Number of protein chains: 2
Amino acid sequence: MTGTDITYDLRMVRWAPNARGRLEQAALELFGERGYDATTVKEIAERAGLTERTFFRHFADKREVLFGGTTLQDGLVGTLAEIPEDTAPLAAVAATLEAAGELFDGRRDLVRQRQALIAAHPELQERELIKLATLGSALAAALRERGIAEPAASLAAEAGMAVFKVAFERWLEDAEEQAFTQHLRDGFAGLKTLTAGA
Amino acid sequence: MTGTDITYDLRMVRWAPNARGRLEQAALELFGERGYDATTVKEIAERAGLTERTFFRHFADKREVLFGGTTLQDGLVGTLAEIPEDTAPLAAVAATLEAAGELFDGRRDLVRQRQALIAAHPELQERELIKLATLGSALAAALRERGIAEPAASLAAEAGMAVFKVAFERWLEDAEEQAFTQHLRDGFAGLKTLTAGA
DNA sequence: CACGCGATGACAGGCACTGACATCACGTAC
DNA sequence: GTACGTGATGTCAGTGCCTGTCATCGCGTG
């Protein structure tokens, strides 16, 4: 138990590379093996050949180790910037979110496994929600920079995130395994129908 | 410090009434006086004339003392049930959320103060977000019980929550202090415009 | 009057997280 | 090539959140 399972030989190299990645890997393994609650930060660190203190130098808290990898937000805001300026706000948001979908379709099983973990732990749901909310705010800010005025910018971003959430859930549960993009488009079409009816 | 500031005389009554309310009150005071982080659960309990252990019998965690009071969800689901069955999904959600607004308009300063606290603490934002998400799920379930099929029910609920969030934020910052209902209607109108344009 | 109930207290303990200081390979300057 | 600074890590002590468990005791009930 005293460091016998360290992957890298510390006699030659002061620090094994990719400490952050090793911590994420170890965390995923342990959460899968014995569950989130039953896993200690100390255990994660030890499996990665590090100490608890070092874990907290890489991640702000225990939950963050599950969310640090996805730089979804930066990528999407960049995507939005590349969309033609004259695109309507909601259409721009929709196009941006489609880019996110491409990240999902390739790793369906991995995403499903991750979501199962999150669904079983309210504290993880909270973290997921604040990540999505932050993404929504970032999209709104990006829209504002394109000249969209304020009620519309936030509204488009938030409505887009609403569709995204529903589409994501349906994509997860879809037995036919249709592409995420398909669910997204269904969602935006459904929203259009709903608002037209009201 | 050994119980000298207890509000009720324990010699006559075994337990002072409304322990939960006293805890909420004490928490609000202390959070206002010295901030959320600088306030200890033990301090809250002591100001309420109770022990830390009893605090956790009334609230699942430290944050919950700020959210336990509002039974917003139950009220709103009940409101939705009273709306005519033939109302369009989004219109029904809009009408339901207007009922929530009436709770706000009377206590503008109180709500503002509370939101300032939440805005300053990510952990409180997380809790707020999961409450809103739960409310959204409850609205979707209520819509389903009225016979709305599944993509539409969640979509209407989530879109409604999106508008609610934007309206709430604008209501908070509104220098003219217009009614919450006004901001809500502006929001739904704005959403309609956005979806029509796309 | 005995008994069970329910809200509370007392106590011990685990785990998440933080601050402060020490260590030590590596790169760089001189 | 020696001295020095840097950066990732280790060590240690400590605080606060939260839980399990058992004891207490006024109150209502039979």
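Model, not experiment: these values are computed from the prediction. Every chain is numbered from 1 and lettered A, B, ... according to where its sequence line falls, protein lines coming before strand lines.
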Looking at residues at least two apart in the chain, or sitting in another chain, which of them share a salt bridge (Lys or Arg N to Asp or Glu O under 4.0 Å) with [X]?
{"X": "B:R34", "answer": "B:E43"}
{"X": "A:E123", "answer": "none"}
{"X": "A:R57", "answer": "none"}
{"X": "A:D74", "answer": "none"}

Could you give all pairs that pass the ring pair (Phe, Tyr, Trp, His ring centres under 6.0 Å) test and reach residues 112-145 of chain A, with sequence neighbours left out?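 Pairs touching residues 112-145 of chain A that pass the test: A:Y36-A:H121.
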
Quick one: is B:T54 getting a side-chain N or O under 4.0 Å of the C:dT8 phosphate, OP1 or OP2? no

A:R20: side chain to side chain donor-acceptor pair (under 3.5 Å) partners, not counting sequence neighbours: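 Per chain and number, A:R20 pairs via side chain to side chain donor-acceptor pair (under 3.5 Å) with no residue.
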
Can you name the residues that form a side chain to side chain donor-acceptor pair (under 3.5 Å) with A:E33, not counting sequence neighbours? A:R47

So does B:K131 pair up with B:E64, basic N to acidic O under 4.0 Å? yes

Taking the basic N atoms (NZ, or NE/NH1/NH2) and the acidic carboxylate oxygens, is any pair closer than 4.0 Å for A:E24 and A:R114?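 So A:E24 does not pair with A:R114 through a salt bridge.
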
What is the distance, rounded to the nearest whole Å, between atom [atom1] of [X] and atom [atom2] of [N]?
{"X": "A:F55", "N": "C:dC17", "atom1": "CZ", "atom2": "P", "value": "8 Å"}
{"X": "B:L50", "N": "C:dA10", "atom1": "CG", "atom2": "C1'", "value": "14 Å"}
{"X": "A:H58", "N": "D:dA8", "atom1": "NE2", "atom2": "P", "value": "8 Å"}
{"X": "A:E46", "N": "D:dT11", "atom1": "CD", "atom2": "P", "value": "11 Å"}
{"X": "A:R22", "N": "D:dT9", "atom1": "CZ", "atom2": "P", "value": "8 Å"}
{"X": "B:R34", "N": "D:dG16", "atom1": "CZ", "atom2": "P", "value": "11 Å"}

Between the opening five pairs and the closing five pairs of the helix from C:dC1-D:dG30 to C:dC30-D:dG1, how far apart are the helix axes, to 10°?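 Axis-to-axis angle, ends of the helix: 10°.
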
Tell me whether the rings of B:F59 and B:F55 are parallel (<30°), tilted (30 to 60°) or perpendicular (>60°).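 B:F59 and B:F55: tilted rings.
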
Per-nucleotide protein contact string for nucleotides 11-16 of chain C, where B marks a base within reach and S marks sugar-phosphate only (heavy atoms under 4.0 Å, - for neither): -----S

Heavy atoms of other groups near B:R108 CZ, more than 12 under 6.0 Å: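 Enclosed.
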
Counting neighbours of CD on B:Q113 that are heavy atoms of other residues, nucleotides or ligands and sit closer than 6.0 Å, is the number greater than 12?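 Result for CD/B:Q113: open.
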
Does any N or O donor sit under 3.5 Å from an N or O acceptor when you compare the side chain of A:R57 with the base of D:dG7? no

Which residue pairs pass the side-chain hydrogen bond (donor to acceptor under 3.5 Å, both in side chains) test when at least one of the two sits in residues 155-170 of chain A, sequence neighbours left out?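 Not a single pair qualifies under side-chain hydrogen bond (donor to acceptor under 3.5 Å, both in side chains).
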
Members of residues 119-134 of chain B that approach DNA chain D, where some heavy atom sits under 4.0 Å away: none

The correct set of residues in residues 25-32 of chain B placing a heavy atom under 4.0 Å from DNA chain C is none

